[in-house]
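Below you'll find the structure, written out as C-alpha cells, and then a few comments.
All values derive from a computational prediction rather than experimental measurement. Computed from heavy atoms alone, side chains included, the values below leave out hydrogens, waters and symmetry copies.
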4 protein chains.
Amino acid sequence: MPKIGMEEIRKDQVIKATERCIVEKGYSNMSVKDISAEASVSTGIIYHYFKNKEDLLLQVIKESFRKSHEQVMETVEPLNNFEEKLMKHIENINRVPMDNPDFYTVMLNYLGQAKNNPEINGIIAKFFKNLRSYIAQYIKDGIELGRLKPEKAKHLPALTIALGMGIGMQWIIDPESFDIADIEKSYKEMIESYISLEE
Amino acid sequence: MPKIGMEEIRKDQVIKATERCIVEKGYSNMSVKDISAEASVSTGIIYHYFKNKEDLLLQVIKESFRKSHEQVMETVEPLNNFEEKLMKHIENINRVPMDNPDFYTVMLNYLGQAKNNPEINGIIAKFFKNLRSYIAQYIKDGIELGRLKPEKAKHLPALTIALGMGIGMQWIIDPESFDIADIEKSYKEMIESYISLEE
Amino acid sequence: MPKIGMEEIRKDQVIKATERCIVEKGYSNMSVKDISAEASVSTGIIYHYFKNKEDLLLQVIKESFRKSHEQVMETVEPLNNFEEKLMKHIENINRVPMDNPDFYTVMLNYLGQAKNNPEINGIIAKFFKNLRSYIAQYIKDGIELGRLKPEKAKHLPALTIALGMGIGMQWIIDPESFDIADIEKSYKEMIESYISLEE
Amino acid sequence: MPKIGMEEIRKDQVIKATERCIVEKGYSNMSVKDISAEASVSTGIIYHYFKNKEDLLLQVIKESFRKSHEQVMETVEPLNNFEEKLMKHIENINRVPMDNPDFYTVMLNYLGQAKNNPEINGIIAKFFKNLRSYIAQYIKDGIELGRLKPEKAKHLPALTIALGMGIGMQWIIDPESFDIADIEKSYKEMIESYISLEE
DNA sequence: TATGAATGAGGATTCATTCAT
DNA sequence: GATGAATGAATCCTCATTCAT
C-alpha cells in the first residue's frame with residue numbers, strides 16, 4: 001500500500017463510497033462506519049481527509065454537481081445553434097433519471113436537508129442558477145437572431161428546468177406512472193410551442 | 001380534562017407538533033423528545049397513540065396530503081368548465097410555495113426518505129397519481145367537447161404537475177431567483193400554448 | 001424501583017460515584033461509562049441529570065467544597081474565643097489529609113485542571129477565599145481585643161492556609177516524609193510565634 | 001541537517017514543546033499530534049526518541065525538576081552563612097510563581113496525576129525530599145553554631161516548603177487574593193519568629 | 001390515560017501508536 | 001533518521017423505546 005500522494009485518491013474513494021451509501025441507505029440513515037466500510041478504509045481516515053461528516057457530505061454534493069456540470073458542457077457546448085443546444089439540453093435533463101438515477105436519489109436527499117442547512121441550500125441554489133444560466137445563454141442567441149421574443153425568454157430557463165426536474169421526480173418516485181422515454185417528445189413540444197419560433 | 005374521546009384530539013395535537021418540528025428542525029434531526037415538547041405532552045403518550053416514530057411520521061405525511069387534497073377539491077371542483085378548472089388548478093399549484101411553504105418543506109423532507117422507505121414512497125406515489133388524475137379528469141371533458149386533441153392529453157397531467165413542482169422547488173431553494181407571482185402567467189401560457197385549444 | 005422523586009437521590013448517587021472514580025482512576029482517566037458502572041446506573045441517566053460530563057465534574061467539586069465548608073462551620077463556629085477558633089481551625093486543616101485523604105486527591109485533580117478551565121478555577125478561588133475569610137473573622141476579634149497587632153493580621157489567613165495545604169500536599173505525595181500528627185504542634189507554634197499574642 | 005548527534009537536540013526540542021503544550025492546553029487535553037505540531041516534527045519522531053507518551057511526560061517533569069534544582073544551587077549555594085541561605089531560599093521559593101508561573105502550572109498538572117501514577121508520584125516525592133534536604137543542610141549549620149534549637153529544626157524544612165508552596169498555589173489560582181511580592185516579608189517573619197534565633 | 005425516569009445500543013469523533021516509504 | 005497516512009479501540013453523547021408509578 002503506497003502511503004504518499006494518496007490524498008486525492010483517498011478523498012475520491014471516500015466520496016464515491018459516501019455516494020453509494022446515500023443511494024443504498026439514505027443521507028440520514030448512514031453512519032460514518034457504513035461509509036468507511038463501503039470505502040474499505042478505517043473510520044479514522046475519514047477524519048484525516050475531511051473535517052467531519054458534514055464536511056464530507058458537502059464535498060459529496062459539490063462533486064456530484066461538478067460532474068453534472070461537466071457533462072452538460074461536454075455534450076451541449078460543442079453544438080452550434082441555439083435550438084439544437086436547447087433541445088440537447090432538454091434531452092440531457094430528461095435522460096438523467098434513466099441514465100443516472102442515483103443523481104436524483106442523491107439530489108432528493110440533499111434537497112431534504114437544504115432548509116435546515118444553509119450551506120447545502122447555497123450549493124443547490126448555485127447549481128440551479130447554473131442550470132438556468134446555461135439555458136439563458138442559448139436563448140440570448142435566439143433573441144439576437146430575432147427568432148425568439150424577449151418576453152418569452154424571461155422565465156424560459158426556470159420553466160425548462162422545472163419541467164425536467166418535475167418529470168424526473170415523479171418518475172423516480174413511481175417509474176410506472178409514465179414512460180419517461182416517451183415523455184421526452186411532449187417535453188420538447190411544450191417548450192417549442194411556448195417559444196413559438198419565428199421562421 | 002376529559003379522559004374519554006381524547007384519542008383524535010391527542011393524535012392531531014401530536015401530528016401538528018411533528019409537522020412543526022419537521023419544518024423547524026428537519027425530518028432527521030428531530031427527536032421524539034422534541035416532538036413531545038412541541039406538543040406539550042410526555043414522550044410516553046406518543047407511544048400510546050402511535051406504534052412508533054416511523055408510524056407517526058407516516059401519519060404526518062398522510063395527513064398533509066389529505067389536507068392538500070381537500071383544498072383542491074374545495075377550490076377547483078365547484079368550477080364548471082374544464083379550462084377554468086385546469087387554470088385554477090395551475091394557480092393552486094403555483095401558489096402553494098407562497099401560501100403554504102411548509103408543505104414544500106415537509107414534502108422535500110419526505111421525498112428524501114422515499115427511496116429508502118417503501119411506505120413513504122408509496123404514499124408519495126399515490127399523492128402524485130392523485131394530482132395527475134384530477135387533471136386527467138378535467139381534460140377528459142375537454143377532449144369530449146372536441147376542444148383538446150387526445151394525443152396532447154396523454155402527458156399533460158404529468159407535465160402540468162412537473163412544471164408546478166419544479167417551479168416551487170427552485171423557488172423554495174432560492175426565492176431570489178425569480179418572482180413566483182410573476183411566473184404564474186408564463187406557467188399558464190406554456191400549458192395553453194401546448195394544448196393549443198381549438199375554438 | 002421508584003421512579004418519582006428520585007432526582008436528588010440519583011444526582012447524589014452519581015456525584016458520589018464520580019468522586020470515587022476520581023480517587024480510584026483520576027480525573028482525566030475516567031470515562032462516563034466508568035462513572036455509570038460505579039454508580040450502578042446506565043450512562044443515559046447521567047445525561048438525564050447532568051448537562052454533560054463537565055457539568056457533572058463541576059457539581060462534584062462544588063459538593064466537595066460545600067461539605068468541607070459545612071464541617072468547618074460545625075466544629076469551629078461553636079467555639080467562643082478567637083484563639084480557640086484559630087487553633088481548632090488549624091487542627092481541622094491539619095487533619096484533613098488523615099481523616100479525609102480523598103479530599104486532597106480530588107482537590108489536586110481539580111487544581112490540575114484549573115488553569116485550563118476558568119469555571120473550575122473560579123470555584124477553587126472562591127473556596128480559598130472562603131477559607132481565608134473564616135480566619136480573617138477570628139483574628140478580627142483578636143485585634144479588637146487588643147491581643148493581636150493589625151499588621152500581623154494582614155497575611156495571616158493566607159499564611160495559615162498555605163501552611164496547612166503545603167503540609168497536606170507533601171504528606172499526600174509521601175506519607176513517609178514526616179509524621180503528620182506530630183507536625184501539628186509545629187504548625188501551631190509557627191502561627192503562635194508569628195502572631196506573638198499580647199497578654 | 002546533520003543526522004548524527006541529533007538525539008539530544010531532538011529530545012530537548014520535543015520536551016520543551018511538551019511543556020508549552022501542558023501550559024497551553026493542560027496535561028490531559030493535549031495530544032501527541034499537538035506536541036509534534038508545537039515541536040515542528042512528525043508524530044513518528046516522538047516515538048523514535050521516547051518509548052511512548054507516558055515516557056515523554058515523565059522526562060518532561062524530570063527535566064523541569066532538574067532545572068529547578070539547578071537554579072537553587074546556583075543562587076543559594078554560593079552564599080556563606082546559614083541565615084542568608086535560608087532567607088535566599090525562601091525568596092527563591094516565593095518568587096517562583098511570579099518569575100516562572102509555568103513551573104507551577106506544570107507541577108499542578110503532574111500533582112493531579114500523582115495519585116494514579118506511581119512513577120510520577122515517586123518523582124514528585126523525590127523533588128519534595130530534595131527541597132527539604134537543602135533546607136535541612138542550612139539549618140544543620142545553624143544548630144552547630146548554637147544559633148538554632150534542634151527541636152525547631154525537625155519540621156522546619158517541611159514547614160518552609162509548605163508555606164512557599166501554599167502561598168504559590170493560592171496566588172496561581174487567584175492572583176488578586178493578595179500581593180505576592182508583599183507577602184514575602186510576612187513569610188520570612190513567620191519563619192524567623194518560629195526559629196527565634198539566639199544572638 | 002399520562003408521565004418522565006431509565007435503559008443501552010449506536011453514532012460521531014479523537015487519539016496513541018504503527019509502519020510503509 | 002524522518003514522515004504522516006492509516007488503524008481501530010475508546011470516548012462522549014443521543015435517542016427510540018419501555019415501564020413503574
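- Picking from E:dT13, E:dA6, F:dT17 the nucleotide with the shortest atom distance to the side chain of C:Ser42 gives E:dA6.
- Ion pairing of D:Arg66 with D:Glu70 is present here, as a side-chain N (NZ or NE/NH1/NH2) and a carboxylate O approach within less than 4.0 Å.
- For the pair B:Asp12 (side chain) and B:Glu8 (backbone), a donor-acceptor distance under 3.5 Å is absent.
- Taking for each of B:Asn29 and A:Gly44 the nucleotide of DNA chain F with the nearest heavy atom, the 5'-most of the two is the partner of A:Gly44.
- Side-chain N/O atoms of A:Arg10 include one lying less than 4.0 angstrom from OP1 or OP2 on F:dA6.
- Taking atom CG of residue A:Asp12 and atom C1' of nucleotide F:dA5, one finds them 17 Å apart after rounding to whole Å.
- Using a 4.0 Å heavy-atom cutoff across all strands shown, D:Tyr49 reaches sugar-phosphate atoms only and no base atom.
- In terms of position along DNA chain E, the nucleotide closest to B:Ser40 lies nearer the 5' end than the nucleotide closest to the other residue of the pair B:Ser40 and A:Asn52.
- With respect to C:Lys11 and C:Glu7, a salt bridge is recorded, a charged nitrogen being found less than 4.0 Å from a carboxylate O.
- Look at CD on B:Gln13: it is 13 Å from P on E:dT1, rounded to the nearest Å.
- Classification of the A:Tyr27-A:Tyr110 ring pair by plane angle, with boundaries at 30° and 60°, yields perpendicular.
- Base-pair partner of E:dT17: F:dA6 (Watson-Crick or G-U wobble, both distances under 3.5 Å).
- The interatomic distance linking B:Ile9 (CD1) with E:dT1 (C1') rounds to 13 Å, in whole Å.
- Taking 4.0 Å as the cut-off between side-chain N and carboxylate O, A:Lys16 and A:Glu19 do not count as a salt-bridged pair.
- Nearer to the 5' terminus of DNA chain F, by closest-nucleotide assignment, is the contact made by D:Val41 (compared with the other of A:Val41 and D:Val41).
- We find that CE of C:Met6 is positioned 16 Å from C1' of E:dT3, with the value rounded to whole Å.
- In this structure, C:Thr43 reaches the bases: a heavy-atom distance under 4.0 Å links it to at least one base atom across the strands shown.
- Atom NZ of D:Lys51 is separated from atom P of E:dT18 by 11 Å (rounded to the nearest Å).
- Contact annotation: D:Lys53 side-chain N/O to E:dA16 OP1/OP2 distance is under 4.0 Å.
- Between the CD1 atom of C:Ile46 and the P atom of E:dT7 there is a distance of 10 Å, given to the nearest Å.
- A straight line from NE2 of A:His48 to P of E:dT17 spans 18 Å, rounded to a whole angstrom.
- A:Ile45 has its CD1 atom 14 Å from the C1' atom of E:dT14, to the nearest Å.
- Distances shown here put every side-chain N or O of A:Tyr47 at or beyond 4.0 Å from the OP1 or OP2 atom of E:dT14.
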